[in-house]
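Ligands are counted one by one from 1 in listed order, and the atoms in each one are counted from 1 as well. We count residues from 1, following the sequence as given.
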Amino acid sequence: MALLFVSAADDPDQWRTELRQRFPDLDVRIHPELGDPANIDVALVWLPPPGLLASLPNLKAILSLGAGVDAMLDDPTLPADLPLCRLVDPSLTRTMTEYVLLHTLKYHRMQDLFARDQRHARWQLRLPAPPRQTTVGILGLGVLGTDAARALAAHGFTVRGWSRSPKELEGVACFAGPDQLDAFLSACRILVCLLPLTRETEGILNRNLFRRLPPDARLIHVGRGAQLVEGDLLLALDGGELGGATVDVFTQEPLPADHPFWRHPAVDITPHAASYSDPSVGAEVVAENLRRFFERRPLLHVVDRARGY
Ligand code: NDP
Ligand code: OXD
């Protein structure tokens, strides 16, 4: 029984230690050291090179080290008959909620405007209204969106969320489907994108959508780069439809040095760092799926490939 670990973004030794503590006999191989590919049963991966998983002749399950699996689904060689499980990890959720709260508070407390004032040595008192007067809207009410929505509501913000299927969430006004998108957007002074990348959500953050927000709204984009039409964001910021944007994910990562986002005064950038897994927590989640795999029980968080997430 061998597990292949593939990720340039995670510490392989830490993961191997965590996995071995739970499964002392597990043969954990770190890409690119495959050994004999024929005895690899499970792959634990983040952004595996296209074609790699298809080259493992006896692979039986794919466990993602990320919540979003769009890049893997984009690989036409991805074996169609294998279960693909995404990561649902409390440490990933906690860090994403921290990020959303951090940047929502930045906008609510007008820290973005103070930063601009400072650049011009401008002393200007700005006092925020109570948080209940700020409506924060979350696109995507899944594992991450729901946790962020609850934390924002607990902080006193007025919170709404939008999902594909209807939801009920205490303290959160829920909207669903394309028919309710306009109504959802109409009050969102701060819009957070926590959608998975699918055919339906590609390019969803475009100028037409920005125009349906209240004037001078702020965007916090943490879903996937291809959901944002980057040129439209610049037009919306320069045209005054949006007052600022915090962007963590991009169509091209790393973001090229000459990209206009780097130097735009109303854009704050983080390098796809909004949330991250603590291996001691993530390994427990992975271990539960490995136990299920060994015992031939149904795996958790299997991606619905037709739906795309
Ligand atoms: P989930 O699958 O739990 O939730 C996805 C949510 O999006 C669901 O509420 C779903 O609706 C909704 N949704 C999907 N498609 C549509 C649509 N067409 N219209 C309306 N709503 C839609 O995912 P997670 O919350 O775990 O993760 C969300 C995404 O966050 C990931 O896919 C990834 O891209 C991104 N991410 C980014 C990270 C970063 O560091 N920047 C880290 C981790 C994740 P329904 O509930 O009805 O199915
Ligand atoms: C994820 C990510 O999808 O880190 O987990 O982007």
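The distance criterion of under 3.5 Å between nitrogen or oxygen atoms is met by G68 with respect to ligand 2. Inclusion of M96 in the set of residues having an N or O under 3.5 Å from an N or O of ligand 1 is not warranted. Considering backbone and side-chain atoms alike, A273 places every N or O at 3.5 Å or more from each N or O of ligand 1.
A salt bridge between R150 and D147 is absent, with no side-chain N of the basic residue lying under 4.0 Å from a carboxylate O of the acidic one. Between R224 and E202, none of the side-chain N atoms (NZ, or NE/NH1/NH2) sits under 4.0 Å from a carboxylate O, so this pair counts as no salt bridge. Salt-bridge formation is not detected for the pair D232/R207: no Lys NZ or Arg NE/NH1/NH2 atom is positioned less than 4.0 Å from an Asp or Glu carboxylate oxygen.
Considering only non-hydrogen protein atoms, atom 1 (C) of ligand 2 sits nearest to A67 N, 3.3 Å. The closest protein non-hydrogen atom to atom 19 (N) of ligand 1 is W162 CH2, 3.3 Å. Closest to atom 44 (C) of ligand 1 among all protein heavy atoms lies L144 CD1, 3.4 Å. In this structure, atom 33 (C) of ligand 1 lies nearest to the protein heavy atom R224 NH1, 3.6 Å. Distance from atom 4 (O) of ligand 1 to its nearest protein heavy atom, with residue and atom name: G142 CA, 3.1 Å. The single protein non-hydrogen atom nearest to atom 1 (P) of ligand 1 is R86 NH2, 3.3 Å, given as residue, atom name and distance. For atom 48 (O) of ligand 1, the nearest protein heavy atom (residue, atom name, distance) is Y309 OH, 2.5 Å.
The hydrophobic clustering, which links ILVMFWY residues whose side-chain heavy atoms are closer than 4.5 Å, places V302 and V88 apart.
Set against the non-hydrogen atoms of H272, the atoms of ligand 2 under 4.0 Å away are 2 (C), 4 (O), 6 (O). Near R224, meaning under 4.0 Å from one of its heavy atoms, ligand 2 places the atoms 1 (C), 2 (C), 3 (O), 6 (O). Close approach to G223 involves these atoms of ligand 1, each under 4.0 Å from a residue heavy atom: 34 (O), 35 (C), 37 (C). Residue-ligand proximity, S275 to ligand 1, at heavy-atom distances under 4.0 Å covers atoms 40 (O), 42 (C), 43 (C). If you number the atoms of ligand 1 from 1 as listed, the ones under 4.0 Å from a heavy atom of E200 come out as 18 (N). Residue contact check: L195 has heavy atoms under 4.0 Å from atoms 7 (O), 12 (C), 13 (N), 21 (N), 22 (C), 29 (C), 34 (O) of ligand 1. Interface atoms of ligand 1 facing K167, defined by a heavy-atom separation under 4.0 Å, are 45 (P), 46 (O), 47 (O). With ligand atoms numbered from 1 in the order given, ligand 1 contributes 39 (C), 40 (O), 41 (N) to contacts under 4.0 Å with heavy atoms of H272. Near A67, meaning under 4.0 Å from one of its heavy atoms, ligand 1 places the atoms 26 (O), 43 (C), 44 (C).
Closest heavy-atom approach to atom 28 (C) of ligand 1 within the set V88, T146, L194: this belongs to L194. Selection from T95, V222, V249, T198 by nearest heavy atom to atom 36 (N) of ligand 1 gives V222. Nearest to atom 5 (C) of ligand 1 by heavy atom, out of P196, G140, A148, G145, is P196.
Within a 6.0 Å sphere centred on CD of E295, heavy atoms belonging to other residues, nucleotides or ligands number more than 12.
Heavy atoms of D248 found under 4.0 angstrom from ligand 1 belong exclusively to the side chain. Proximity of R164 to ligand 1, defined as any heavy-atom pair under 4.0 Å, is shared by backbone and side chain alike.
A centroid separation of less than 6.0 Å is found between the aromatic rings of Y99 and H103. For F157 and H108, the gap between ring centers is short of 6.0 Å.
Using a 4.0 Å heavy-atom cutoff, W46 is listed among the residues neighbouring ligand 2. The shortest separation from a heavy atom of R86 to ligand 2 is not under 4.0 Å, leaving the residue out of contact.
For the pair E241 (side chain) and L233 (backbone), a donor-acceptor distance under 3.5 Å is absent. Panel note: side chain N289, backbone L300; a donor-acceptor pair is recorded below 3.5 Å. W262 places a side-chain N or O within 3.5 Å of a backbone atom of P256 that can act as its donor or acceptor partner. Looking only at distances, a side-chain donor or acceptor of D248 sits under 3.5 Å from a matching main-chain atom of A273. With R29 contributing its side chain and L34 its backbone, the two residues share a donor-acceptor pair below 3.5 Å.
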>> Test salt bridge (charged side-chain N to carboxylate O under 4.0 Å, His left out) on R94 and D278; report intermediate values, then the result.
In response: CA-CA 10 Å; R94 178 182 58 76; D278 169 352; 5.7 Å; no
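For the side-chain hydrogen bond (donor to acceptor under 3.5 Å, both in side chains) with R218, the qualifying choice from T104, D268, D112 is D112, the only one to do so.
Remark: R291 fails to qualify as a cation-pi partner of F294 under the 6.0 Å distance and 45° angle criteria applied to the six-membered ring.
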